[in-house]
Amino acid sequence: MAGKIITISSGKGGVGKTTATANIGLGLAMLGARVICIDADIGLRNLDVMLGLENRIVYDIINYIEGRCRFRQALVRDKRFPELFMMPAAQTRAKDAISVEQMKSVAQEAAQMVDFVLIDSPAGIEHGFRCASAPAELVLVVANPEIASVRDADRVVGLLEAETSTPARLIINRIKPEMVQRKEMLAPEDVVDMLAIDLIGLIPEDPEILTASNRGNPIVLNNGSPAGQAFLDISRRLQGEDVPFAPLKPPSFFKRLLGSH
Amino acid sequence: MNWLKIFKRRKNSDQEIAAQRLRLVLAHDRANLSPGMLDMLKDEIIAVISRHLEIDANKVEVNFTEDQREMRLVADIPLQSPRRRPV
């Protein structure tokens, strides 16, 4: 049976698509699934550094499409989990170096090998987004609790509904529980209500996400971190597990005292 | 500490302001009709209805409402009260 193809998208840039792809992919591998993460952000690849695999790249997705290497050669095996692979984007090519049909065939070929294929979509709603979302059975839309991000996420949801009817589920990233509590930030339930799609993850803002990406060790590997746990919960839900949403707690007094606000 | 200010902030929090602005922006985006175009539409509706009925043009409200992702245009058009109608 072919694996499930899932695209991570957002419309707006910088809201955490690549971080989410790396963490959810790694989370699925931690749970024992076979996974291929495809970086569809041609020209602006970053999934490699998020996963800490940038030094192992030989070929990329465009090399494969152009017949310069075999499928397996374009995959980079993860150093922690042998059943996790990444297919890098080409860094020096334009977004239109790949067509919708080519992306579909790459994703479907990947799905023959593994349980999950995760596609990291580029920002925007143009060709790159269309390519990345075309093969998907499910799109995870990442939004931050702020107006511009939710607005752009709504465009993505609208386009998916109108053009492909691919189901979409929502990840709200960078929630600051203490700001929500003080009524200074959009509440997650308001965002869910406005976008009117099912929720699959609530990720609290966590400075450790940055330190983790500095080292190429996504936060999901960090047992006990709330953000890491929240990503792992998404992976579990993708596997069909019914995981309740943990209530988001503001950081403890001590943590705030230590300045990791 | 200014308690009045705190009270005021509770009632009209950043969270509420953001949510209200976002709802409005989403409604216009989804309907693909800018706020200015909605005003023009409202004026045209008033002009058409006024040809047949006496209405209170100042109190006419034309707004989007949403039910999940389904959009609706709702017009509230109060008629001129017959008692107040000049003879």
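Chain naming here is simple, since letters A, B, ... match the order of the sequence lines and numbering starts at 1 in each. These figures come from a predicted structure and were not determined experimentally.
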(request) Could you list which of residues 137-154 of chain A have a heavy atom closer than 4.5 Å to any heavy atom of chain B, in residue-number order? (result) A:Ile147, A:Val150, A:Arg151, A:Asp154
(message) Donor-acceptor pair, distance only, cut-off 3.5 Å: does the side chain of A:Arg236 make one with the backbone of A:Asp242?
(response) no
(request) Residue by residue, scan residues 29-39 of chain B and write down, ordered by number, those that have a heavy-atom distance under 4.5 Å to chain A; if none do, write 'none'. (result) B:Asp29, B:Arg30
(message) Nearest 0.5 Å, please: how far is OG in B:Ser50 from CG in B:Asp56?
(response) 10.0 Å
(request) Side chain from CB out, backbone as N, CA, C, O: work out which of these in A:Val180 comes under 4.5 Å of a heavy atom of chain B, or both, or neither. (result) both
(message) Donor-acceptor pair, distance only, cut-off 3.5 Å: does the side chain of A:Gln102 make one with the backbone of A:Ser99?
(response) yes
(message) As an exercise, state the distance from CD1 of A:Ile6 to CD1 of A:Ile24, rounded to the nearest 0.5 Å.
(response) 8.0 Å
(message) Once side-chain hydrogen bond (donor to acceptor under 3.5 Å, both in side chains) is applied, do any residues pair with B:Glu61, and if so which ones, sequence neighbours excluded?
(response) B:Asn63
(request) Look at the side chain of A:Asn23 and the backbone N and O of A:Thr19, then say whether any donor-acceptor pair between them is shorter than 3.5 Å. (result) yes
(request) Please state whether the side chain, the backbone, both or neither of A:Met194 comes within less than 4.5 Å of a heavy atom of chain B. (result) both
(message) Testing the basics here: between A:Ala33 and A:Gln239, what is the closest heavy-atom pair and its distance to 0.1 Å?
(response) CB-NE2, 3.6 Å
(request) Taking all non-hydrogen atoms of both residues into account, name the closest pair between A:Pro188 and A:Ile175 and its distance. (result) CG-CD1, 4.1 Å
(request) Kindly state each residue pair satisfying side chain to side chain donor-acceptor pair (under 3.5 Å) with at least one member in residues 123-136 of chain A, sequence neighbours excluded. (result) A:Arg130-A:Glu163
(message) In the structure I gave you, are the side-chain heavy atoms of A:Ile42 and A:Ile98 within less than 4.5 Å of one another anywhere?
(response) yes
